[in-house]
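Structure, as structure tokens:
In the text below, chain A, chain B and the rest are named by the order of the sequence lines, each starting its count at 1. Just so you know, these numbers come straight off a predicted model, no measurement behind them.
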Amino acid sequence: MTNLIKSASQEMRGIIMSAMGVLVANGSFPAEALPAFNIEIPADKTHGDFATNAAMVLAKPLKMPPRKIAELICSEAVLDGSCFSKCEIAGPGFINFFLSQSWFSNVVSSVLSDGNNYGRTSTGNGKKILVEFVSANPTGPMHIGNARGGAIGDCLASVLDWAGYEVAREFYVNDAGNQVEKFGKSLFLRFMQICSAEGQSLITKCPDNESFCQAIYDDAETFPMPEDVYLGVDIIAHAKNYYDANGSELSAKDESEIKTTLSNYALPLNIEGLERDLKKYNITYDTWFRESVLHNNGDVMKIVELLKERGYTYEQDGAIWFQASKFGDDKDRVLVRANGIPTYFVPDIAYHYNKLVTRGYDIAIDVLGADHHGYIPRMRAALTALGIDPSRLDIVIMQMVRLVRNGETVKLSKRSGKAITLSTLLDEVPISAARFFFNLRESNSQFDFDLDLAIEQSSQNPVYYVQYAHARICSIISNLAAEGISAKKLSDEQMNVLTQPEEIALIRYIASLPNEIDTAARDYDPSKITRYSVEIATLFHKFYTACRVKGESEEILQARLSLCNAAKIVIKNTLDILKVDAPEQM
RNA sequence: GCGUUCGUAGCUCAGCUGGAUAGAGCAUUAGACUCCGACUCUAAAGGCCGCAGGUUCGACUCCUGUCGAGCGCACCA
């Protein structure tokens with residue numbers, strides 16, 4: 001739980017505050033409330049490790065030039081016994097503070113003692129967060145958008161865990177409602193086609209299932225399908241598999257029974273498939289929450305009743321409406337259709353009610369595709385109407401992924417039967433690379449997934465760059481071990497020989513990991529950690545070319561070996577957050 | 001039309017919720033292994049931060065307008 005950047009920054013604030021206290025006491029500053037000032041980390045390290053704009057914000061109320069104020073503050077700043085070695089005035093009136101050598105040494109020893117927990121913070125204070133992501137329809141395989149959602153959601157959950165939240169991962173299974181109806185209808189139609197004379201003759205022509213399914217799919221004239229059903233070959237395959245196992249007997253039953261039977265047969269298989277594919281992608285969920293539960297236990301209708309009781313519903317054209325516009329939504333929304341069936345909105349409210357009230361999570365996060373962003377105000381409106389603080393629901397929107405192959409965008413369509421599935425993607429692209437790639441950018445920016453590039457496994461994919469840094473460190477350590485040299489535990493004083501610019505730059509960045517985790521958690525942006533890992537690898541590679549470990553004097557060698565071990569820990573920890581392998585050799 | 005996300009180097013993107021001379025990677029050019037892994041490193045070149053106003057000591061960052069792109073705007077989910 002060490003965050004040396006944060007504690008240094010707090011120490012600096014204390015120094016400035018007491019300096020200003022002295023100045024007020026001796027009459028140099030007025031006793032009135034002084035404006036708030038910032039402490040920041042300058043991009044340019046010649047401007048110190050920390051800088052404050054205190055003198056500049058004071059200029060106006062004190063009617064004094066900022067540099068003059070800065071001089072006064074600096075003259076009263078007591079650095080003895082602090083982690084700072086000096087402070088100076090620069091530019092228009094910034095006061096720049098420089099960290100002492102012992103601070104840097106302390107960073108290395110702290111990392112070594114925290115080990116695989118280095119970077120963890122307690123910012124979340126054990127708040128319970130539920131992260132729901134992917135939640136793909138169980139009516140078909142997952143596509144590339146789900147792959148992005150999976151990588152983002154899973155890593156976001158890790159980041160929050162590292163930031164001290166109590167995190168659970170959940171998959172919401174839409175195993176009820178309209179799309180399941182549609183699923184049953186699609187299976188029914190395909191099953192009847194298989195049992196038809198045309199289907200039977202095709203079976204003799206195509207003995208293996210793969211070519212059979214493709215043949216039916218391709219021949220839309222002989223085997224026509226309506227617009228509003230699922231057309232993918234996976235549907236045909238389910239129908240064919242059922243047929244292979246049970247024959248055509250079912251086709252004599254009435255339509256609704258066929259639909260139910262086939263749906264009950266195929267849906268569990270699909271859900272197992274989702275679980276299997278996600279596991280392959282290194283994602284395991286704490287819970288798989290089924291929508292059907294909410295229908296069966298009466299929660300869905302209970303929501304309608306609750307909203308009615310509170311007086312936020314009305315009837316119009318035979319439907320029951322929710323006054324969403326009273327709570328910031330664009331317009332009112334239908335809860336129960338004129339035909340008596342609730343819209344998807346109601347079980348969704350029930351689901352969020354279940355998360356936040358029944359199960360008592362402090363915060364629920366949904367990772368959703370950009371095509372769902374319009375749904376946020378309506379869900380917040382519903383929560384507000386139910387007396388739940390809507391800020392407890394946070395939505396992470398991820399923009400669409402465009403798949404690029406040979407420089408051309410591949411049209412994504414669940415219905416075409418040809419969409420690239422998560423499973424086939426992982427056959428082509430290494431899992432680590434895919435996860436890393438999908439977390440390289442903010443979720444809220446659209447990007448092109450260049451299939452050729454990802455498959456190529458070239459060094460353009462930064463995951464290899466980071467992994468190489470890790471392997472390189474392991475190699476240094478094992479080379480030294482072969483000579484009988486192992487790392488010793490050093491005191492901070494012994495570490496004070498780490499003064500080269502490359503060493504200092506590396507240590508400084510190592511020290512910022514806890515901060516980085518906090519901001520990634522605050523912004524719900526795991527891509528910050530991905531970029532952090534690339535940067536730490538860069539700084540290590542630079543250190544490596546500038547500073548030798550092997551062959552140096554005992555004291556330098558040991559200090560650098562400690563630094564290598566610290567860097568290794570940091571790379572390993574960040575890759576763990578991303579669930580990317582940290583290989584010892586490549 | 002309304003809402004929403006976005007527009008930064010030739011390309012792909014950072015820029016820490018207002019700070020100092022706007023940063024990386026790829027691509028281009030020129031260099032570095034008798035030495036811990038060259039899957040690496042050093043350097044050059046590359047910019048009206050979409051455009052126009054405004055707010056202030058100070059704007060890529062905040063506000064307004066405008067142009068361009070993606071995504072939404074069902075008694076579908």
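A/Tyr532 places its OH atom 18 Å from the P atom of B/A24, with the value rounded to the nearest Å. Between the CZ atom of A/Phe543 and the C1' atom of B/C36 there is a distance of 10 Å, rounded to whole Å. What separates CE of A/Met400 from C1' of B/G72 is a distance of 9 Å, to the nearest Å. Counting to the nearest Å, the P atom of B/C35 and the CD atom of A/Glu552 are 16 Å from each other. For A/His470 and B/G37, the NE2 to P distance is 15 Å, given to the nearest whole Å. Nucleotide B/A77 holds its P atom 10 Å from the NZ atom of A/Lys182, rounded to whole Å. Atom pair A/Asp330:CG and B/A74:P shows a separation of 10 Å (rounding to whole Å applied). One atom, OH of A/Tyr464, and another, C1' of B/C39, lie 11 Å apart when rounded to the nearest Å.
Distance noted for atom C1' between B/C16 and B/A20: 16 Å (whole Å). Atom C1' of B/C57 sits at a distance of 12 Å from the matching atom of B/G18, rounded to the whole Å. Between B/C51 and B/A77, the two C1' atoms lie 40 Å apart (nearest whole Å). Taking the P atom of each, B/U5 and B/A44 are spaced 39 Å apart, rounded to whole Å. Separating the C1' atom of B/A27 from that of B/G68 is a span of 26 Å, rounded to the nearest Å. For the C1' atoms, the distance from B/A9 to B/U28 is 13 Å, rounded to whole Å. Between the P atoms of B/U55 and B/A74, the separation comes to 41 Å (whole Å). Atom name C1', nucleotides B/G46 and B/C11: the rounded distance is 12 Å, in whole Å.
In this structure, A/Ser475 reaches the B/G37 phosphate: one of its side-chain N or O atoms is under 4.0 Å from OP1 or OP2. The shortest distance between the side-chain N/O atoms of A/Lys331 and the OP1/OP2 oxygens of B/C73 is not below 4.0 Å. Residue A/Tyr465 places at least one side-chain N or O under 4.0 Å from the OP1 or OP2 atom of B/C41. OP1 or OP2 of B/G37 lies within a sub-4.0 Å distance of a side-chain N or O belonging to A/Asn479.
Residue contacts shown for A/Asp348 are absent, as no nucleic acid heavy atom lies under 4.0 Å away. Base engagement by A/Ala51 is indicated by at least one non-hydrogen atom pair under 4.0 Å involving a base atom. A/Ala338 comes within contact range of at least one nucleobase, with a heavy-atom separation under 4.0 Å. Contact annotation for A/Cys474: no contact, since no heavy-atom pair falls under 4.0 Å across all strands. Counting non-hydrogen atoms under 4.0 angstrom, A/Gln316 reaches a base of the nucleic acid. Among the protein residues, A/His373 comes within range of the nucleic acid bases, having at least one heavy atom under 4.0 Å from a base atom. Nucleic acid contact for A/Phe345: none, since no nucleic acid atom lies under 4.0 Å from a heavy atom of the residue.
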Legend entry - Residue pair A/Leu368, A/His373: steps toward the side chain to side chain contact (heavy atoms under 4.5 Å, CB included) verdict: CA-CA 8 Å; A/Leu368 296 176; A/His373 79 262; over 6 Å; no
Legend entry - Criterion salt bridge (Lys or Arg N to Asp or Glu O under 4.0 Å) on A/Asp228 and A/Lys185, from CA distance to verdict: CA-CA 10 Å; A/Asp228 60 335; A/Lys185 186 179 174 187; 3.6 Å; yes
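Under the 6.0 Å cut-off for aromatic ring centres, A/Tyr532 and A/Tyr509 qualify, their centroids lying closer than that. In this structure, A/Tyr351 has its ring center closer than 6.0 angstrom to the ring center of A/Phe289. For A/His541 and A/Tyr468, the ring centers are positioned less than 6.0 Å apart.
Under the 90° criterion around 0 for the glycosidic angle, B/C67 counts as anti.
Remark: A/His47 engages no residue in a ring-ring contact (aromatic ring centres under 6.0 Å, His included) (not counting sequence neighbours). The side chain to side chain contact (heavy atoms under 4.5 Å, CB included) test applied to A/Pro342 returns A/Val300, A/Met301, A/Val346, not counting sequence neighbours. In this view, A/Asp49 and A/Arg508 satisfy the side chain to side chain donor-acceptor pair (under 3.5 Å) rule, not counting sequence neighbours. Applying the side chain to side chain donor-acceptor pair (under 3.5 Å) test to A/Asp44 and every residue at least two apart in sequence or in another chain returns A/Thr46.
Applying the Watson-Crick and G-U wobble criteria (two distances, each under 3.5 Å), B/U17 pairs with nothing in any strand. Partner assigned to B/G37 is none, using Watson-Crick or G-U wobble distances below 3.5 angstrom. Judged by Watson-Crick or G-U wobble contacts below 3.5 Å, the nucleotide B/U66 has B/G50 as its partner. Judged by Watson-Crick or G-U wobble contacts below 3.5 Å, the nucleotide B/A59 has no partner. Shown here, B/A30 forms a base pair with B/U42; the pair counts as Watson-Crick or G-U wobble because both key distances fall under 3.5 Å.
The stretch residues 524-542 of chain A participates, sequence neighbours left out, in these salt bridge (Lys or Arg N to Asp or Glu O under 4.0 Å) pairs: A/Asp523-A/Lys528, A/Asp525-A/Lys528.
In this structure, the nucleotide among B/C71, B/G37, B/U40 sitting nearest to the side chain of A/Gln585 is B/G37. Among B/C71, B/U40, B/U5, the nucleotide with an atom closest to any side-chain atom of A/Asn444 is B/U5.
With hydrogens and angles left out, the side chain of A/His372 and the base of B/G72 share no donor-acceptor pair within 3.5 Å. Contact annotation: side chain of A/Asn96 to base of B/A20, donor-acceptor pair present below 3.5 Å.
Residues A/Asp366 and A/His352 have side chains that bring a donor and an acceptor to within less than 3.5 angstrom of each other.
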Inset, instruction - Any chance you could list the contact pattern along nucleotides 11-19 of chain B? Use B for base contacts, S for sugar-phosphate-only contacts and - for none, protein heavy atoms under 4.0 Å, 5' to 3'. - result: -SSSSBS-B
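With RNA chain B read from its 5' end, the first of the two nearest nucleotides for A/Gly318 and A/Ala546 is the one closest to A/Ala546.
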